[in-house]
There are 2 protein chains.
Amino acid sequence: MQPAKARARKPSPVATRRERVQSKEDAIIAAAHKSLTTRGFAKTTMAEIARKAGVAEGTLYLYFNNKDALARAVLAVFYKRLTETAKTGVAKCATTRQRLEFLARHHLESIIGERRLLELIASDVRNTQAYEGSDIYKMNREYVAVFDGVMRDGAWRGEIEDSAAQWIKRDIFFGSLEYSMRTLLMKKRSSKKDISAVVAELVKLLMGGAGARVEPISGHALVKAVDRVDAAASRLERLSTVKM
Amino acid sequence: MQPAKARARKPSPVATRRERVQSKEDAIIAAAHKSLTTRGFAKTTMAEIARKAGVAEGTLYLYFNNKDALARAVLAVFYKRLTETAKTGVAKCATTRQRLEFLARHHLESIIGERRLLELIASDVRNTQAYEGSDIYKMNREYVAVFDGVMRDGAWRGEIEDSAAQWIKRDIFFGSLEYSMRTLLMKKRSSKKDISAVVAELVKLLMGGAGARVEPISGHALVKAVDRVDAAASRLERLSTVKM
DNA sequence: TTTAACGACTGAGTGATATTCATCATATAT
DNA sequence: ATATATGATGAATATCACTCAGTCGTTAAA
């Protein structure tokens, strides 16, 4: 077996040329990833990346046309990994509710960890006129397709309402999570609990709010009404004691 | 009247020194706004802004410490205007549902128009360690407070459930809208209809889901009775304060 | 009136950084 | 061994945010 290895001209322990190039590219991407996620796009310099990767500055441009392209490459491996883990995670869940919960928590935790990469999407990639058709666009499509699949399947099984358009639900799902990330990052402590709260609420909304719908409706309104009667009574009492 | 004018040393028709400085600052911000919204942060140069504003490059630094600060100033006038129009718009709406619909549409249309400014929030401002306590942070707080007020009031009236934490609802609201913006910008045609669809769905979710739920609550006999007690209390209050 | 001080402003100059390119090094092919 | 192609280099270039020594007009003081 291993015909590729067997056909190698050189019996030397060093890798083939192609492998060497590949590993160098990997090293560059890894170095760029580290700098981008720790210092952000604006503050990372090509010189810094080159140093971390152990290559000359000019070498970076043999592998990537410019800083943007390098950042996009970093984003690409992030998306690839994100999509893979999302797919395998969903496959392990039995119900639609569990799948959505997993996807939400998975997305939220992932983007909290790599928050700085989201800058790139917002400020850089999305602005290019040629975003559609780009690699990043395709990867994004593939990633959100996981969510779409779960929702479609859930609707087919009758586990969730499918009233609204799919793209709207998708935007609500990912939009809420990305915005929540900002809030969570600003809160000093707490995390686990807050993440769970966001996930639970979001899933509840997307599932149609079904679980909580039956009882609370009349009960909820009733409680509110009682509160208001109570408040109104207090106001009346105050008036009467003042004796106008 | 107009003691300031009367006290002015010079009767000349030109503006006072302070006014001249102010109008120059306005010109700089306007120029920066134009460049930032049309070309994005990275591609606008200080030289370009200076040219548009009709001042020397060095002058920009008399008014703003650096490019970031100038961008933040642009963001500030955007927030100020956004908050004002949001407040006045909400005041004109009678029901919670209408208020939320107005806020959602208002936010979505505004950020579609000034989409490039959102970059600044995401990629620049939010990264600074000192974001809390900054002017932009305060303005953001004031803006989202409009939404918070509407939600709180709606919960008080019993028009909406207030099961989830307020900050979660807030993130869902603004997050969904900002993400939807991206989708809407990528769709070739259509706008009005899609905006309405997003707004409707989002409001439906925040109001507690099912459309059928709204009717029974307000139609409930108890709620009507509460309205009457509430109104009666208010009338008495008015009467008593007038007399005293 | 002359002089000094001040505030607003200028734009050539500085430093940092992305990007290029002439050149070198090594491996592969003949 | 020589030639060729591939990979790599880092000094040089271009761009751009930012600085600063100096100008100009106005006000205050002598």
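Letters A, B, ... mirror the listed sequences (proteins, then strands); counts begin at 1. As the structure is a computational prediction, the values presented were derived from the model and not from experiment.
Of the candidate nucleotides C:dA18, D:dT9, C:dG11, C:dG11 has the atom lying nearest to any side-chain atom of B:A56. You'll find that the side chain of A:T59 is closest to D:dA8, out of C:dT19, D:dA8, C:dT10. Checking D:dA8, C:dC9, C:dT19 against the side-chain heavy atoms of A:N66 singles out C:dT19 as nearest. When each of D:dA8, C:dA18, C:dA8 is scored by its nearest atom to the side-chain atoms of B:V21, the top-ranked nucleotide is C:dA8. Between C:dA18, C:dC9, D:dC18, one nucleotide has an atom nearer to the side chain of B:K67 than all others, and that is D:dC18. Set against C:dA27, C:dC9, C:dA18, the side chain of A:R20 has C:dA27 as its closest nucleotide.
The distance between the ring centers of B:Y79 and B:Y137 does not fall below 6.0 angstrom. The six-membered or imidazole ring of A:H107 lies near that of A:Y143, with a centre-to-centre distance under 6.0 Å.
If you measure from atom CD of A:E19 to atom P of D:dT6, you get 18 Å, rounded to the nearest angstrom. Going from atom CD1 of A:I49 over to atom C1' of C:dT17 covers 12 Å, rounded to whole Å. With rounding to whole Å, A:R51 atom CZ is found 15 Å from D:dT9 atom P. Between the CE atom of B:M46 and the C1' atom of D:dT19 there is a distance of 12 Å, given to the nearest Å. Distance CZ (A:R18) to P (C:dT26): 23 Å, rounded to an integer number of Å. When the P atom of D:dT9 is taken as reference, atom OH of A:Y63 falls 9 Å away, rounded to whole Å. Straight-line distance from the CG atom of B:L60 to the C1' atom of D:dT19: 13 Å, rounded to whole Å. The separation between A:E57 atom CD and C:dT17 atom P is 10 Å, rounded to whole Å.
Heavy atoms of B:F64 sit nowhere under 4.0 angstrom from any nucleic acid atom. Looking at heavy-atom distances under 4.0 Å, B:L62 makes contact with a base.
Cation-pi geometry between A:R182 and A:Y179 is met: the NZ or CZ atom falls under 6.0 Å from the ring centre, inside 45° of the normal.
There is no side-chain donor-acceptor pair under 3.5 Å between A:S176 and B:D171.
The two residues A:S35 and A:K52 come nearest to each other via the heavy atoms OG-NZ, 3.0 Å.
Under 4.0 angstrom from either OP1 or OP2 of D:dC16 there lies no side-chain N or O belonging to B:K43. Residue B:T45 places none of its side-chain N or O atoms closer than 4.0 Å to OP1 or OP2 of D:dC16. Look at B:Y61 and you won't find any side-chain N or O under 4.0 angstrom from OP1 or OP2 of C:dT10.
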